[in-house]
Each structure stands twice: as structure tokens, then as C-alpha cells.
Undergrad: 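First the structure, which I've put down as C-alpha cells, then a few questions once you've had a look.
Here, residue 1 is the first one in the sequence, and each next residue gets the next number. Quick caveat, the model's predicted, so the values are computed rather than measured.
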Amino acid sequence: MNFKLGYDETSPASIEKFAKGLIGKTFADVCAEDTLHGAEVVREISNYETSHGNKKRKGGLGELIEERYFHYRSNNDSRPDFDKAGVELKVTPYKKNRNGRIVAKERLIITMIDYFSVTNEKFEDSHLWSKAKLILLVYYLYSKEITDRLNYKIGYVQLFSPPEQDIKIIKHDYQVILDKIKVGKAHELSESDTLYLGAAPKASTSQDRRKQPFSDELAKPRAFAFKSSYMTYVLNNYIIPEKSTYESIIRNTPVDSFEDYVTAKIGEYCGWTVQKLCSRFHIYFEKKPKNLESMIAYRILGIKGNHAAEFEKANIVVKTIRIGKNNTIKESMSFPTFKFKELVKEEWETSTFRTYLEETRFLFVVYKFNDDNELVLKGCQFWNIPYADLEHQVYSVWEKTKQVINNGLQVKRINGKNYNNFPKASENPICHVRPHAQNAQDTYELPDGRKYPKQCFWLNSSYIIKQIDNKLIY
């Protein structure tokens with residue numbers, strides 16, 4: 001052991017034990033104790049605390065823990081931070097939602113993607129896996145009320161290795177990202193392509209671009225990252241003691257492809273009517289639940305509730321699709337409501353709606369009405385919005401919506417009904433804006449002070465049907 005450091009730099013257990021001394025401390029405490037004990041500051045610079053407390057400084061708090069607590073100099077070395085022990089240090093925030101739920105505040109960046117070198121790496125020997133297979137997680141509680149981030153308090157410290165089934169999915173995600181780069185589509189990478197491991201945008205400005213090996217098209221700089229949904233699950237199920245866990249779809253033997261497993265499992269019941277499925281899975285009710293068809297899908301997958309561990313980790317949203325006998329869909333697909341005064345302050349690259357679509361993968365569970373007007377299960381498919389659709393048609397609707405609000409929403413009353421100038425389904429092949437309020441009194445405030453019923457973006461029903469595999473329609 002290096003007694004000067006206070007921990008054995010070759011031992012993960014020793015590093016973790018020493019790190020647990022951070023629990024309950026603020027970053028300011030760490031700096032104060034370091035100075036009080038006369039410890040060597042690895043990098044002596046003026047205004048060290050002020051610099052690392054700057055919220056605009058990426059990695060500042062991580063560097064502070066490295067240098068003022070573990071006493072090694074922060075660097076951009078490709079090896080794990082504690083190379084002799086194979087441990088990577090990650091300092092990351094969590095927050096408490098209004099409902100008291102604890103969630104990860106953001107994705108966990110692992111390492112930048114070098115579009116050229118990564119195509120020659122195998123997962124097991126990759127730069128990514130060398131940093132991700134054993135991580136010392138230092139979680140601190142974020143609060144927007146705290147203006148000096150040195151006053152954030154560290155709540156949890158623990159070594160983390162992804163469990164076997166998670167590794168299978170992470171490896172598959174890695175290959176999905178590589179496959180896209182290898183066909184010259186690094187510029188089309190999206191976090192919704194994958195489940196737990198994402199290719200996260202990592203640029204100082206929205207205009208930053210870099211070369212890729214198999215295309216002349218420039219691509220956004222991206223990093224391998226564990227998604228925020230995955231980190232929320234890790235926090236609540238592996239880090240926080242005695243937290244309840246969601247049921248898992250994969251319970252015993254790990255599978256190579258989670259999506260193939262889910263598709264095959266639901267596919268076993270293709271052709272069954274909703275009535276027959278309810279009988280098979282013992283679903284009884286007096287009044288039909290709105291989410292019945294979704295509930296059936298969960299029961300087929302062996303989930304008693306309406307949350308599956310893998311779906312939570314991967315930010316997979318289950319959507320049921322009902323196809324009519326004429327092979328069309330009546331219902332458009334709604335998304336969470338937006339606040340008028342917040343949307344006008346957003347930029348497209350970081351907007352709420354774009355982020356939602358960019359980070360969310362959907363499981364479409366498809367049913368179709370037969371000649372007897374019974375709803376029959378056709379199967380399922382995983383889907384995420386194509387890059388071109390998101391960056392062109394969806395963007396144009398978002399931009400027009402922002403302009404309409406900025407210019408003052410126009411409302412006309414015709415024959416006792418209100419009409420507005422938000423983008424209509426007839427104006428765009430992919431999406432539109434319309435109400436998503438319980439009633440006329442369920443409103444948000446416009447920038448000009450008027451109250452108006454809550455609105456949301458919708459994907460057009462005509463667009464959704466085109467995204468469904470033909471084998472699930474006919």
C-alpha cells in the first residue's frame with residue numbers, strides 16, 4: 001500500500017473503502033480538509049476552488065476529487081484512472097424529482113469515440129470496455145437552488161461492474177454503433193439506436209463536426225456513454241441500499257440479443273385475440289383499462305406490473321398500435337405536453353422534444369381488427385425515429401411552433417370552436433401540434449400572459465403506419 005496516498009492503488013477494494021470517506025462531504029469540505037491536513041495539492045494553481053466550482057467547466061468536480069482527495073494528477077490518459085487496479089473514477093450527479101424519486105441527472109460519459117480507430121477494436125479489448133468494466137461511482141446530489149457547486153454533497157460511493165446480462169446488451173449496443181460507423185453513417189448516429197450504451201453528442205458548440213472514415217460527410221463528435229435511464233436504474237437498484245427493483249424480462253440465462261428475445265416471445269401469441277389473451281394471462285376487469293393491450297404485452301413477457309427492468313434501463317417506451325381492417329391507423333401518437341414559455345427559450349439541438357425522440361427507443365406492440373371486429377395481436381417491433389426525419393420534417397414543425405408562440409398565437413373562434421395556427425397534420429408528413437389537455441381549463445401560460453389549453457407534438461397516424469413492418473399489417 002502507498003501509505004502516503006492512504007489507499008492501495010493496486011486494490012479496487014482498498015480504493016473503494018478509501019473513497020467511502022467522501023460520503024456526506026461537500027466538494028468544499030474535500031478542499032478544506034486537504035488543505036487542513038497539509039496534503040500535497042497535485043496541481044498548484046491560483047483560484048483552484050473557484051475554477052473547479054465553475055458550472056461551465058466540464059469535468060471540474062471529477063478533477064477536484066482526483067487531485068484533492070486521491071492525490072493524483074488528472075489527465076486525458078486512455079487508461080483507467082486507477083490503472084494498476086483497472087478502476088475508472090466517475091463523479092456524476094443525481095437529483096430528487098418533485099415526487100421524491102431519485103434519478104440520474106445526466107448520462108455517464110465513458111470515453112470519446114474515435115471514428116477511425118474504433119472500427120478496428122473488438123469490444124472485449126476496446127478502449128471503452130477498459131474504462132467501463134469496473135467504475136468507482138461517486139454520486140453527488142444536484143440542486144438548482146445551490147449556486148456554488150462546490151457545496152453539492154456526495155451521497156453515494158460504490159464500485160460498479162455491469163452484471164452479465166447488461167454486458168450482453170452493452171456489447172450488442174457497441175456493435176450497433178460500430179456497424180453504423182463502418183457503413184459511413186457516423187453522422188446519423190442516435191442514442192435511440194441502442195439500449196444501455198449510447199453514442200452521446202459531445203461538442204462545445206452545435207456546429208462542431210469531425211471526419212469519419214467511410215464517408216465524406218462530417219459527423220458530430222460523440223462519446224460512448226451509459227444512458228441517463230440506465231444510470232438511474234443503476235443508482236436505484238445497485239447503489240442505493242434496500243431500494244425496490246423492477247421485474248426483469250431476462251431472469252436466468254443471459255441472451256445475446258434482448259430485442260430478438262422480446263420479439264420472439266410476443267410473437268408466440270400472434271393471431272390471438274385480446275379476449276383469448278386476457279383469459280390466458282388471467283386479466284379480469286369490469287371496465288376495460290385504457291392500457292389493456294400494453295398490459296397484455298407485459299404479461300406475455302412475464303411482467304406482473306407495467307414496468308420492466310430492461311425497459312427502464314434502456315428508456316424503452318411501449319406503444320400499442322391498433323390497425324383497422326382497411327390497414328390504416330386512426331390514432332396519432334402523442335408525446336408529453338410542452339410549456340409555451342419554456343419552448344420559446346430552447347434551441348433545437350438541446351430542445352426537450354428533440355432530446356426525447358433522440359434518446360427514446362419504442363416498442364410498438366401491434367394489434368389489428370379482424371373481420372369480426374375483434375382485436376388480434378400481430379406482433380411487435382422496436383423502432384426509433386430515423387435521423388433524416390428528425391432533423392428535417394420534425395425540426396420544421398418544432399421551429400414553426402416556436403415562431404407561432406413568439407409571434408403571438410392566433411386564435412379564431414368559428415361556430416363556437418377555437419382554431420389556432422399551430423402546425424397541422426395536413427401541413428407536414430410526419431408530425432403536428434394539437435391539444436393534449438383534460439379540458440379547456442387545463443392550460444399553460446403563453447408569453448403574452450394569455451392562458452391556453454396544453455398542447456403537445458403528435459406523430460401523424462399516416463406516418464406511423466409507414467414505420468410498421470408489412471408482416472405486422474397484412
Undergrad: Within the supplied structure, the quantity of interest is the number of heavy atoms (other residues, nucleotides, ligands) at a distance under 6.0 Å from Glu164 CD; does it exceed 12?
TA: no

Undergrad: I'd like to know if Arg450 and Glu445 make a salt bridge, using a cut-off of under 4.0 Å between side-chain N and carboxylate O.
TA: no

Undergrad: Is it true that, when you exclude Lys185 itself, more than 12 heavy atoms of the residues, nucleotides or ligands shown sit nearer than 6.0 Å to its NZ?
TA: no

Undergrad: For the residue pair His436 and Ser334, confirm or rule out a side-chain donor-acceptor distance under 3.5 Å.
TA: yes

Undergrad: With sequence neighbours left out, what residues match Lys319 under salt bridge (charged side-chain N to carboxylate O under 4.0 Å, His left out)?
TA: none

Undergrad: Do Lys171 and Phe123 form a cation-pi contact, if we require the NZ or CZ to be under 6.0 Å from the six-membered ring centre and within 45 degrees of the ring's axis?
TA: no

Undergrad: Checking Tyr395 now: which residues fulfil ring-ring contact (aromatic ring centres under 6.0 Å, His included) with it, not counting sequence neighbours?
TA: Trp348

Undergrad: What do you reckon, are the aromatic ring centroids of Tyr142 and Tyr152 less than 6.0 Å apart?
TA: yes

Undergrad: Can a side-chain donor-acceptor contact be found between Ser257 and Asp260 if the only test is distance below 3.5 angstrom?
TA: yes

Undergrad: Report, one line per pair, each donor and acceptor closer than 3.5 Å where one atom sits in a side chain of residues 84-95; sequence neighbours left out.
TA:
residue	atom	partner	partner atom	Å
Glu88	OE1	Asp81	N	3.1
Glu88	OE1	Lys131	NZ	3.3
Glu88	OE2	Lys131	NZ	3.4
Lys90	NZ	Ile109	O	2.9
Lys90	NZ	Ile110	O	3.3

Undergrad: Does Asn97 CG have over 12 foreign heavy atoms under 6.0 Å away?
TA: yes

Undergrad: Kindly write out the residues that satisfy salt bridge (charged side-chain N to carboxylate O under 4.0 Å, His left out) with Glu359, not counting sequence neighbours, or none if the list is empty.
TA: Arg107

Undergrad: Per the salt bridge (charged side-chain N to carboxylate O under 4.0 Å, His left out) rule, what does the pair list look like for residues 346-356, sequence neighbours excluded?
TA: Lys220-Glu349, Arg354-Glu391

Undergrad: Using the test side chain to side chain contact (heavy atoms under 4.5 Å, CB included), find all partners of Ser161 that sit at least two apart in sequence or belong to another chain.
TA: Leu134

Undergrad: Would you check if the distance from the ring center of Phe422 to the ring center of Phe457 is below 6.0 Å?
TA: no

Undergrad: Tell me every residue that passes side chain to side chain contact (heavy atoms under 4.5 Å, CB included) with Thr194, counting only those two or more places apart in sequence or in another chain.
TA: Asp173, Val176, Ile177, Lys227

Undergrad: Is Thr232 reaching over with its side chain to a backbone N or O of Ala104, donor-acceptor style, under 3.5 angstrom?
TA: yes

Undergrad: Going by distance alone, is a donor N or O of one side chain under 3.5 Å from an acceptor N or O of the other, for Arg280 and Tyr269?
TA: yes

Undergrad: Would you kindly say whether Asp29 and Thr26 are connected by a side-chain donor-acceptor distance under 3.5 Å?
TA: yes

Undergrad: If you look only at pairs with a residue in residues 11-31, which of them pass as a ring pair (Phe, Tyr, Trp, His ring centres under 6.0 Å), with sequence neighbours excluded?
TA: Tyr7-Phe18, Phe18-Tyr69, Phe18-Phe70, Phe27-Tyr140

Undergrad: Can you check whether Tyr238's main-chain N or O pairs, donor with acceptor, with Gln158's side chain at less than 3.5 Å?
TA: yes

Undergrad: Is there any salt bridge (charged side-chain N to carboxylate O under 4.0 Å, His left out) pair reaching into residues 228-240, and which pairs are they, with sequence neighbours excluded?
TA: none

Undergrad: Taking the basic N atoms (NZ, or NE/NH1/NH2) and the acidic carboxylate oxygens, is any pair closer than 4.0 Å for Arg79 and Asp83?
TA: yes

Undergrad: When the side chains of residues 306-313 are checked against the rest of the protein, which donor-acceptor pairs come out under 3.5 Å, sequence neighbours left out?
TA:
residue	atom	partner	partner atom	Å
His307	ND1	Glu312	OE2	2.7
Glu310	OE1	Ile249	N	2.8
Glu310	OE2	Ile249	N	3.2
Glu310	OE2	Ile250	N	3.0
Lys313	NZ	Asp166	OD1	2.7
Lys313	NZ	Asp166	OD2	3.3

Undergrad: If you count heavy atoms of other groups shown closer than 6.0 angstrom to CD of Glu268, is the number above 12?
TA: yes

Undergrad: Hydrogens and angles aside, do Ser229 and Asn315 bring a side-chain donor and acceptor to less than 3.5 Å of each other?
TA: no

Undergrad: How are the rings of Tyr284 and His282 set relative to one another: parallel (under 30°), tilted (30 to 60°) or perpendicular (over 60°)?
TA: tilted

Undergrad: Asp114: what forms a salt bridge (charged side-chain N to carboxylate O under 4.0 Å, His left out) with it, not counting sequence neighbours?
TA: none

Undergrad: Scan side-chain atoms only and decide if Asp389 and Tyr463 contain a donor-acceptor pair under the 3.5 Å cut-off.
TA: yes

Undergrad: Residues in ring-ring contact (aromatic ring centres under 6.0 Å, His included) with Phe362, at least two apart?
TA: Trp383

Undergrad: Crowded around Lys153 NZ? As in, over 12 foreign heavy atoms under 6.0 Å?
TA: no

Undergrad: If only side-chain N and O atoms count, and only distance matters, is there a donor-acceptor pair under 3.5 Å linking Glu66 with Tyr72?
TA: yes

Undergrad: Any side-chain donor-acceptor pair under 3.5 Å between Asp256 and His172?
TA: no

Undergrad: Surrounding NZ of Lys17 (heavy atoms of other residues, nucleotides or ligands, distance under 6.0 Å), is the total greater than 12?
TA: no

